[in-house]
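What follows is a set of notes on a single structure, which appears directly below.
Reminder, nothing fancy here: chain letters follow the sequence lines and each chain counts from 1.
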Amino acid sequence: MSAARVGVVTFPGTLDDQDAARAVRLAGAEAVPLWHADHDLKGVDAVFLPGGFSYGDYLRCGAISRFSPLMTELIPAAQAGLPVLGTCNGFQILCEAHLLPGALTRNEGLHYICRDQRIRVESTRTAWTSDFADGQEIVLPIKHGEGRYVADAATLAALEGEGRVVFRYAGGNPNGSLNDIAGIANEAGNVVGLMPHPEHAVEDLTGAPSVDGRGFFTSILKRLVNA
Amino acid sequence: MNTDSVKRAQETPGERQPYAELGMKDDEYQRVREILGRRPTGSELAIYSVMWSEHCSYKSSKVHLRQFGTKAPESEALLVGMGENAGVVDIGDGWAATFKIESHNHPSYVEPHQGAATGVGGIVRDIMSMGARPIAVMDSLRFGGANQPDTRRVLPGVVEGISHYGNCLGLPNIGGEVVFDPCYIGNPLVNALCVGLLRKDQIKLATAPGPGNKVVLFGARTGADGIGGASVLASATFEDESQAKRPAVQVGDPFMEKLLIECCLELYQADVVVGIQDLGAAGVSCATTELAAKGTGGMRVDLNLVPLRDPSLRPEEILMSESQERMMAVVTPDDIPAFMAICDKWDVPATVIGEVTDSGRLVMTWDGEVIVDIPPGTAADEGPVYERPFHEPAGQAALNADGPERLPRPTDLRETLLTLLGSPNLGSKEWVTSQYDRYVRGNTVLAQPADAGMLRISEAMPGAEETTRGIALATDGNGRYARLDPYSGAQLALSEAYRNVAVTGAKPLAVTNCLNFGSPEDPEVMWQFSEAVRGLADACRTLGVPVTGGNVSFYNQTGSTPINPTPVIGVLGVIDDVARRVRPGFPEAGLRVLLLGETREEFGGSEWAHVVHGHLGGLPPQVNLEAERALGAVLAEAAARGLLEGSHDLSDGGLAIALAEACLSRGVGCTVTLPGDDAFTDLFSESAARALVCVRPEAFDAFADLCARYEVPCSGLGLTGGDAFVVEGVLDVPVEELREAHTSALPRVFG
């Protein structure tokens, strides 16, 4: 059986792509580089939109990236069920692309924050979280200046009511996100976005003092193998 | 507006020129006239004034810096030494590392955010121009007193500038320093270090050989920013004029720099670059003269072809502009299409602006007229060299005589510990470092608050095989020690950086330095400088670590009051297997806590004297380079054999602070008994060549044997465990109380 193929997208200004590809490989899948300027998803089984400052965060984080040739392919594919994970800038792009509701704004304290953050897993019914336990607390790094999740009251109510809040900050909200939201999913659960960085928590030697990020990749691989 | 062409210069020999305003002395201007056999054109004057500025020519420091070469220790690791954009060292398995530290002090005072940001950008381009992928940055920062109002303007801006620029570049920030002292209130120090990685056989140099080869300017377009920055900002003091000079600070665009990094790496892999140079201080002037001087010797450039952000710029301004995120490459005509295609892929503008010639002249035209026609070496390499007079400062003997012995000793050592731990220099720097991305690229093994940063070598490059190697980096400096004795002060800075690398288990390999001093025209400052350089060169020889490059920053003073002389030293080390690295602090209970090295009563320049008494006098701690070397050897071998569970350098604040930090690292306490008969000296003396380690009880004998073999004193202090830091019969502080004091130091001031 050939390995599952997970696409890792590089925009101009993407920074965590090599880390994302390494995490995919460590999980036993093939990391397929996807270039922002190509109209080509290369037939991948899932897509990882990594963090960074795509297009220099000009205009708004993710606002330009969503119009890239690759995104014009990715948006309909995601709507049709392709598993997509967006972390940090990837989450911002998913919101700008309206694959996920709401927006990410400047941190409440106005500073960029890099720290190891406790996160509570609120939903294991997504493509990327099935290997966690409901309510499990994990530690992942956060590193962002614009990670404060906001949405209107109706959207928040819908997210909460439909169990689409996937991650919540625990032990202190670092950025002022509404309802302590760290990550959310679309209705189908195939598209997940979060500010924390699972790809920086997959090895003992490097990154955060945790390997809790591995759960994202074992989750998606199980799903792809069983599909 | 008439162009001041060579023809016009010949016709108007007596025209008055603003050389003094450009920072040039009378005799320097006369020398230019002699070299050219006529008066220089405005453009030529621009070139000579920036290239002969202190910042670019090292005219006051050169005669002293030569010692780094003449006294250099034998080193098989050194691949590229001083004189290039950055030094390169062999780190094994076909890999080489290039690293350098550089100052951006004056711009960071005038405009903290942009000054610091472009400091990061500049050093990253230096590393790129060696053919390397930049893989991490560090920052050594010094500010005025934490409670002085201007520090609240400068520090947040500097940190934000580094945070914004470095984070957007995707380079982990793995360490550095944050130091407060009133002597820096009008003159903060922002020293940025970058390290890069390359294959040993892929080193690129700044050279333009091969007549007919094309000269390509690529990256950002040229604007009016930073005009005169090199000669005006870096070579003169500025007391109340910062408003007038604000436009002289450059403005950075990290997104363009990130594109430039990826673009350059792809250009290197495609092997379409003959020579390359970054554009930093003195911009196009520096890049063209240096490339031409080191190549075939000639170059022709059409300045009308330089892409401009501001079309009204005059040729003199284009030559002096310090617009950021620009590089210059020499490319064969055949490779131009491939070169341009790669730039196009990364949306990096690139323009052929000239070509290499064998004329021995750098010739530039503007609107068809020749405006520059000079032998490039006269600007790049043959600038003035000064033997500045120097003598010991008038008050030096009195300062050294005013020792800390007269200071009243504390009676409550618990209170002293908490006071020091909560002071700005010893408190947690998390307020600063949490604004930096330390994880990006996924290879960070150690980062602040560890003694040294450490990176795993894991880059996809052609010809590269898997390796278990890593590199470690630390920067250190102590202006108070250097003020008391610049010779030992520089050696102590090197000793500490060396030790900080050694405690991680890495072997120190090479040195970079950033020498921050007052005005070289002040003989007392020049004495401090010459002593510091002599001390550093001597110590590098004894420790066997060569200086690979660095930077001199003069004129760090307010009025006639210079800063404390502050040599900042960076040391790079290698560890064969990163999995064997030793982490700082106590990881668990039940480990034996050991003190390595000898403790003497040394409080001159100490944090205790500074914080508790506001005193600076006497002599700094004794330097013992042989002891440092032996300590380093013990730590490296112990790490490789897996004997250590934790290790931490002893420095500012002495054993008390080291133990407290070790407890804070993971919340594991300890109970120790002091080895000497004076608790205050045992806890707070700052004797050099010491480290704190913890070992499993069953590893103790092997470790003690190792120490005996290298003749490193090893004292058993006690055991880890519990939730308090206990010194039997002296003090007992819950770790949580330590944490409260430690973490509140900076937030108390900066919010």
Next on the checklist: For L85(A) and I220(A): C-alpha separation, side-chain torsions, deciding distance, then whether side chain to side chain contact (heavy atoms under 4.5 Å, CB included) applies.
Outcome noted: CA-CA 10 Å; L85(A) 178 70; I220(A) 190 66; over 6 Å; no
List the atom of [X], the atom of [Y], and the distance in Å for their closest heavy-atom pair.
X	Y	answer
N167(B)	L15(A)	O-CD1, 3.0 Å
Q324(B)	A220(B)	O-CB, 3.4 Å
A472(B)	T504(B)	CB-OG1, 3.9 Å
A745(B)	G427(B)	CB-CA, 3.9 Å

Checklist entry - Within residues 52-64 of chain A, which positions have a heavy-atom distance to chain B below 4.5 Å? => result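 When heavy atoms of chain B are the reference, residues 52-64 of chain A contributes F53(A), Y55(A), G56(A), Y58(A) within the under-4.5 Å range.
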Checklist entry - Which of residues 193-215 of chain A have a heavy atom under 4.5 Å from any heavy atom of chain B? => result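 Checking residues 193-215 of chain A against chain B gives H200(A), E203(A), D204(A), L205(A), T206(A), G207(A), A208(A), P209(A).
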Pick one of side chain, backbone, both or neither for [X], based on which atoms fall under 4.5 Å of a heavy atom in chain A.
X	answer
S434(B)	both
Y439(B)	both
R441(B)	both
L169(B)	backbone

Looking only at the side chains, is there a donor atom on one of [X] and [Y] sitting less than 3.5 Å from an acceptor on the other?
X	Y	value
N173(A)	D180(A)	yes
Q448(B)	Y436(B)	no
N443(B)	R22(A)	yes
R739(B)	T743(B)	no

Next on the checklist: By the definition ring-ring contact (aromatic ring centres under 6.0 Å, His included), identify the one residue from F48(A), W128(A), F132(A) that meets it with F216(A).
Outcome noted: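 Looking at F48(A), W128(A), F132(A), the match for F216(A) under the ring-ring contact (aromatic ring centres under 6.0 Å, His included) is F132(A).
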Item to check | Interface residues of residues 576-585 of chain B facing chain A - heavy atom cut-off under 4.5 Å | outcome: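 Expected list: V578(B), A579(B), R581(B).
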Item to check | Ion pair R168(A)/E137(A), N-O distance below 4.0 Å | outcome: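 No, no charged N to carboxylate O under 4.0 Å.
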Checklist entry - Any donor and acceptor pair, going by atom type alone, linking the side chain of D19(A) with main-chain N or O of G442(B) inside 3.5 Å? => result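 At least one qualifying donor-acceptor pair exists.
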Checklist entry - Which residues satisfy the side-chain hydrogen bond (donor to acceptor under 3.5 Å, both in side chains) test with H111(A), sequence neighbours excluded? => result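 Applying side-chain hydrogen bond (donor to acceptor under 3.5 Å, both in side chains) to H111(A) gives Q435(B).
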Item to check | Any L94(A) side-chain heavy atom under 4.5 Å of V84(A) side chain | outcome: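 In short, these two side chains touch, coming nearer than 4.5 Å.
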Item to check | chain A interface, residue from M454(B), K345(B), E430(B) that has the most non-hydrogen pairs under 4.5 Å | outcome: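 Ranked by heavy-atom pairs under 4.5 Å with chain A, first place is K345(B).
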Checklist entry - How are the rings of Y149(A) and F91(A) set relative to one another: parallel (under 30°), tilted (30 to 60°) or perpendicular (over 60°)? => result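 The rings of Y149(A) and F91(A) lie parallel, inter-plane angle below 30°.
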